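Positions are given from 1 along the sequence. Start at 1 and go down the list; that is how both ligands and their atoms are numbered. Because only heavy atoms are used, hydrogens play no part in the values below, and waters and symmetry mates are left out as well, while side chains stay in. On a predicted model such as this, the values are computed, not experimentally measured, just so you know.
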Amino acid sequence: MNPIRDRLVPEPIQNLKAYFPPAGGGSVRLDANESPFVLPDPINLKIKTALDRLSLNRYPDPSSTSLRKSFASRFGCVPDQVLVGNGSDELIATLLWTFRGHGEGKTPCVLLPVPTFGMYAIGAAAAGYQVVRVPLRPDLTPDLEAMTLKIREVDPNLVFLSSPNNPTGGLFSAGEIEAVLDAARGIVVVDEAYADFSQEPTWCSRVDAYPNLVVLRTLSKVGGAALRCGFLVGSPDLLKEMNKVRQPFNVSSFTQAAGEIMLENFDLLMDRVLITVAQRDHLGATLNEWGYKVHPSRANFFLMQAGGREGELSTFLHQAGIVVRFLSRLEVIGDALRITVGEARENMVLLERIRSFSL
Ligand code: PMP
C-alpha cells in the first residue's frame with residue numbers, strides 16, 4: 001500500500017509491467033532483435049573522427065538538421081517530412097501524446113492487430129487511450145476484413161502496423177496497408193523497424209500521397225542499437241504538432257553525428273543485412289525439418305513453437321548461455337520463442353543445442 005501511488009498513478013499504468021531484459025546475460029544473446037555485427041571498420045573510423053570534433057559543452061542541434069537531410073536523401077522523402085527521436089520508441093510515445101484528441105467526446109483509441117510490438121499498448125495505456133485489439137488470423141496473417149470493420153466502428157486515433165511485425169515476422173502487403181489507410185480517418189503508422197530485412201519498398205516516399213500515413217524507421221536493427229536513433233516520416237503539418245510535444249534536445253550530438261555516418265554508408269550495413277537474411281532462412285528451414293513450427297519471417301528474427309514445450313526449451317537454451325525471448329500466452333497462438341538471428345557461429349551453437357533437446 002502506498003497512498004501516493006494509489007491516488008496519483010492512473011490504473012492502466014499501475015497494471016503495466018516494466019520491461020527489464022533477462023538478468024545474468026549469456027554468451028549468445030538472441031533475445032533483443034539487435035544486429036550481431038559490430039559496425040564495419042570504415043563506419044567506425046569515421047564515427048571516431050566525428051566524435052573528436054564535437055563541442056560537448058553545447059546542446060545538440062534541436063532539429064537534427066543534418067541527420068534529417070541524410071535520412072531524407074536515402075529514403076526518398078524531404079527533410080521537412082522527417083522527425084528524429086531517441087529511438088523509435090520515443091517517437092511512438094510522442095505520436096500517442098500528440099494525437100490523443102477526444103473528437104466528439106469519446107475516449108481516444110488505438111487499434112492494434114495482435115500479437116504485435118508491446119510498446120504500442122504500453123504507450124497507449126500511459127497516455128490514456130482505449131486499446132482495441134484485432135487478432136491476426138490463426139496462420140498469423142492479417143485479418144483485413146476484421147480490421148477495416150473495427151476501424152469503421154471505433155474510429156481509432158491511431159492504427160499501428162508493424163511490418164514486418166514483431167513478434168510474428170509477417171508482413172502487411174502493400175494492398176493491405178492501402179486498404180487500412182483508406183478505411184481509417186485517423187493516423188496509420190507503418191512501423192518499418194525491420195523493413196531492411198524484408199527487401200520490400202519503403203513507405204517513406206509515399207507520405208505525400210496519404211495525408212494520414214506516418215512511417216517509422218530505426219537504426220537499432222542494422223547495427224546502431226546503442227545510439228537510440230529513430231525516424232518518423234509524415235506530413236509537415238503533423239510533424240509541427242509533434243515538435244511542440246517532444247523534448248527539444250531529444251537526440252544527442254553523439255547520436256546525430258554517428259547516425260549521419262551510418263546513413264551515408266548504408267550500403268555497407270545492407271551487406272550484413274543480406275547475411276542475416278540468408279542465415280534466417282537457413283535456421284528456419286533446418287528447424288522446420290526437425291519438427292519445430294517456425295513461422296515465416298521477413299525480419300531479423302523468427303517466431304518458433306515447440307509443441308507446447310517452449311518454456312522448457314527456453315530454459316534448456318538459457319542453461320547453455322543462449323538467451324532467446326520466451327513469449328508466454330501470446331494472442332492467437334499461445335506460447336512461443338522469438339529468436340533473433342545471430343552471426344553464423346552463434347546460429348551454429350543455437351542449432352547444436354536445440355538438436356540435443358528431444359522434442
Ligand atoms: N518498433 C518495433 C516494431 C520494434 O520491434 C522496436 C524495437 N524492439 C521498436 C519499434 C523500437 O526501436 P528503437 O526504439 O530501438 O528504435
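- In summary, the aromatic rings of Tyr194 and Phe301 are positioned with their centroids under 6.0 Å apart.
- By the 6.0 Å contact criterion, CD on Glu11 is open, its count of non-hydrogen atoms from other residues, nucleotides or ligands being 12 or less.
- Residue pairs meeting the salt bridge (charged side-chain N to carboxylate O under 4.0 Å, His left out) criterion with at least one partner in residues 218-240, sequence neighbours excluded, are Asp89-Arg228.
- Every protein residue with a heavy atom nearer than 4.0 Å to ligand 1 is included here: Gly87, Ser88, Asp89, Phe117, Tyr120, Ser162, Asn166, Asp191, Ala193, Tyr194, Thr218, Ser220, Lys221, Arg228.
- Neither Phe302 nor Ile275 shares a network with the other; the hydrophobic side chains, linked directly or stepwise wherever heavy atoms of I, L, V, M, F, W or Y lie under 4.5 Å apart, form separate groups for each.
- Sorted by first and then second residue, the salt bridge (charged side-chain N to carboxylate O under 4.0 Å, His left out) pairs involving residues 306-323 (not counting sequence neighbours) are Arg309-Glu312.
- Residues meeting the side chain to side chain donor-acceptor pair (under 3.5 Å) test with Arg246, sequence neighbours left out: Asn243, Asn250.
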